[in-house]
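Below is one structure; the comments refer to it alone.
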Amino acid sequence: MLELNVIRREPEKVKAGLRKRNWKEEDLGIVDRILALDEQRRKLQTQRDELLAQSNKLSKQIGQLFKQGKREAVEALKAQVTTIKATLKELQERKAALDTQLEALLLSLPNIPHPSVPAGSSDADNEIYKDWSGALPQLPATAQPHWELAKQYGIFDLELGAKLTGAGFPVFRGQGARLERALINFFLDEARAAGYEEIQPPLLVNADTARGTGQLPDKEGQMYYIEKDELYLIPTAEVPITNIFRDAIVPASALPIKMAGYTPCFRREAGSYGAHVRGLNRVHQFDKVEIVQIAHPQHSYEVLEEMLAYVSSLLDKLELLYRIVKLCGGDLGFTAALTYDFEVWSAAQERWLEVSSVSNFETYQANRMKLRFRDGQKKTQLAHTLNGSALALARVVAALLEQNQEPDGIRIPQVLVPYTGFERIVRS
RNA sequence: GGAGGAGUGGCCGAGUGGUUGAAGGCACCGGUCUUGAAAACCGGCAGGGUCGAAAGGCCCUCGGGGGUUCGAAUCCCUCCUCCUCCGCCA
């Protein structure tokens, strides 16, 4: 949620941000509507507060008079307060209505893109931030996409998942399951070495938590919802981990706070069709290690760089080819100010697969969560939140399988061997 | 799931209708003292909204919501959470 005082102070900047997100001119009026509502709300509140002050004062007097036993005076004042209360009730109702309206409008406003975010309407307009420098490898003509390899080597089984649950729920088996577990452990160990506290959060969250990071109300349809208990399955560990600090005030000296956690992620997303969703390209449940940082506003972009370097180091260690893409205004998520995607080269599919998304949300999430820090004096200030996948497993597995396929098996990157306990995946 | 108990500021804890946004203690911050530190002493120390150039004023918040009352941390209703016992269970 954008800060109201930012909208008050710089409405034009907010509108410019919305334009970058390709909002139509006629929709920008929301900013003015918010300002108008805010103005009304403040007026109403001033009136209300004055009446409350009067009534509080009279009530205190009544208390004193009562002690002195002045019954008639008490009755007269009581009548006065009752009159005030009647007016007050009406004001309260109007204010509550305004508050609700204002809140709804504020929730519907996305974050303002960082100045460096390129213009554009779709992923085709994203800027290549760091390209793969070498030549893309040519696999032999016999090379298989990962879903074929999965069948040959018994790595995962989507049909079996469909039997147990439905489409998009892979069942990993044998060496495939061990590879999955190896990657999770590798990523967690790396994160710990980089100074992240390991977190194991709940996989189900309540509405307050889902709202805090911005999944509600914007992306309600993307989450699985358990109606009976009013709980949501997490689409990413970002949600519970960032919300650890919801309604918290931390000392400035504690920043940056670094946390990492492994969780399965659940996505209902309708998705597209065809080859782009085959195999592990797009599934309803996948594993991911997420890194989250809570940073001082002055340093959050340095932190973002640090996170980029960290994710790069993981991909380097896994010997995967990747590039980094800076998302354009049209592709940028609702809550992010700046996002870099990491895309890994899927050799057999001859396309780039997104394996990580690293974002700075500035104060957008913090404002919803009331996540603040206390600076030098007494004042509290909203912190910046950042997160990134480090990494999303399913697609990393897809790329690893394809890139490392050899006639007699699939080679495991050196760094993973201590985790898998085997050097090759072979036909069973 | 059943029965009982409890939820007060960063923590402990007093407070059962009238200057209580809340005693006292701990922690923390500043100061005095000290060569320095500790101890002792003095002072400060909730968040938010709103008005104001500022100083400061006013309003809201004692688990959440609603109600009774001129007035509620204190009474009533409801929901949530935690604890104890029983049941069930990985």
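Letters A, B, ... are given to chains in the order of the sequence lines, protein chains preceding strands, and every chain is numbered from 1. Treat the numbers as computed from the prediction; the structure is a model and nothing was measured.
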Subject >> Interatomic distance at C1', C28(B) relative to C11(B), whole Å >> reply: 11 Å

Original post:
Does C11(B) have a Watson-Crick or wobble partner in any strand here, with both distances under 3.5 angstrom, and which is it?
Top reply: G25(B)

**OP:** For U81(B) and G64(B), measure between their P atoms and round to the nearest Å.
**Re:** 15 Å

**OP:** Would you mind reading off the distance between Leu44(A) atom CG and G49(B) atom P, rounded to a whole angstrom?
**Re:** 18 Å

Subject >> Results of salt bridge (charged side-chain N to carboxylate O under 4.0 Å, His left out) for Arg395(A) - residues two or more places apart only >> reply: none

**OP:** Determine: side-chain N/O of Asn56(A) to OP1/OP2 of C58(B), distance under 4.0 Å, yes or no.
**Re:** no

Original post:
Any side-chain N or O of Arg374(A) less than 4.0 Å from the OP1 or OP2 oxygen of G47(B)?
Top reply: yes

Subject >> Phosphate contact (C51(B) OP1 or OP2) by Arg42(A) side-chain N/O below 4.0 Å >> reply: yes

**OP:** Quick one: look up who A40(B) pairs with, Watson-Crick or G-U, both distances under 3.5 Å, and put none if it's unpaired.
**Re:** U32(B)

Original post:
Whole Å only: how far is the CZ atom of Phe373(A) from the P atom of G47(B)?
Top reply: 14 Å

Original post:
Between G67(B) atom C1' and Gln92(A) atom CD, what is the distance in whole Å?
Top reply: 15 Å

**OP:** Quickly work out the Ile84(A) CD1 to C59(B) P distance and round it to whole Å.
**Re:** 12 Å

Original post:
Side-chain N or O of Arg41(A) less than 4.0 angstrom from OP1 or OP2 on U50(B)?
Top reply: yes

**OP:** Establish, for the pair Arg173(A) and Phe156(A), whether the NZ or CZ atom is under 6.0 angstrom from the six-membered ring centre and no further than 45 degrees off its axis.
**Re:** no

Original post:
Counting heavy atoms not belonging to Lys151(A), are there more than 12 under 6.0 Å from its NZ?
Top reply: no

Original post:
Where each residue is assigned the nucleotide of RNA chain B containing its nearest heavy atom, which of Thr46(A) and Ile249(A) is assigned the position nearer the 5′ end?
Top reply: Ile249(A)

Subject >> Spacing of Arg48(A) atom CZ relative to C59(B) atom C1', expressed in whole Å >> reply: 6 Å

Subject >> Interatomic distance, Asp99(A) CG vs G48(B) P [rounded to whole Å] >> reply: 18 Å

**OP:** Take nucleotides 68-80 of chain B nucleotide by nucleotide from the 5' end and write B, S or -, depending on whether a protein heavy atom sits under 4.0 Å from the base, only from the sugar-phosphate, or from neither.
**Re:** --BS---------

Subject >> Euclidean distance for C1', U84(B) against G25(B) (whole angstrom) >> reply: 28 Å

Subject >> Separation of the C1' atoms in G87(B) and G1(B), to the nearest angstrom >> reply: 7 Å

Subject >> Euclidean distance for C1', A54(B) against A39(B) (whole angstrom) >> reply: 41 Å

Subject >> Shortest non-hydrogen contact between Ile184(A) and Val289(A), atoms and distance >> reply: O-CG2, 4.1 Å

Subject >> Heavy-atom closest contact (Arg8(A) atom, Leu35(A) atom, distance) >> reply: CA-CD2, 3.7 Å

Original post:
Within this structure, what is the CD-to-P distance between Glu3(A) and G48(B), rounded to whole angstrom?
Top reply: 12 Å

**OP:** Give a yes or no on whether a salt bridge exists between Glu290(A) and Lys288(A), defined as a side-chain N under 4.0 angstrom from a carboxylate O.
**Re:** yes

Subject >> U69(B) - base-pair partner by Watson-Crick or wobble geometry, distances under 3.5 Å >> reply: none

Subject >> Pair assignment for U19(B), Watson-Crick or G-U wobble, requiring both distances under 3.5 Å >> reply: none

**OP:** Could you tell me whether Arg19(A) and Glu25(A) make a salt bridge, using a distance below 4.0 angstrom between a side-chain N and a carboxylate O?
**Re:** yes

**OP:** May I ask which nucleotide in the shown strands pairs with A46(B), Watson-Crick or G-U wobble, both distances under 3.5 Å?
**Re:** U61(B)

**OP:** For U74(B) versus G21(B), give the span between their C1' atoms, rounded off to a whole number of Å.
**Re:** 15 Å

Original post:
Mind checking the C1' distance from C77(B) to G9(B)? Whole angstroms is fine.
Top reply: 27 Å

**OP:** Nearest whole angstrom, please: distance from the C1' of G48(B) to the CE of Met369(A).
**Re:** 18 Å

Subject >> Atom C1', compared across A46(B) and A53(B): separation rounded to whole Å >> reply: 27 Å

Original post:
Between Leu332(A) and Arg21(A), which heavy-atom pair has the shortest distance, and what is it?
Top reply: O-NH1, 3.3 Å

Original post:
Under a 3.5 Å cut-off for both distances, is U84(B) Watson-Crick or wobble paired, and to whom?
Top reply: A3(B)

Subject >> 5' priority, RNA chain B, between Arg372(A) and Ala53(A) [closest heavy atom] >> reply: Arg372(A)

**OP:** Evaluate the side-chain contact (heavy atoms from CB on, under 4.5 Å) criterion for residues Ile241(A) and Thr236(A): first the C-alpha distance (whole Å), next the side-chain angles of each, then the deciding distance (0.1 Å), finally the verdict.
**Re:** CA-CA 9 Å; Ile241(A) 292 181; Thr236(A) 156; over 6 Å; no

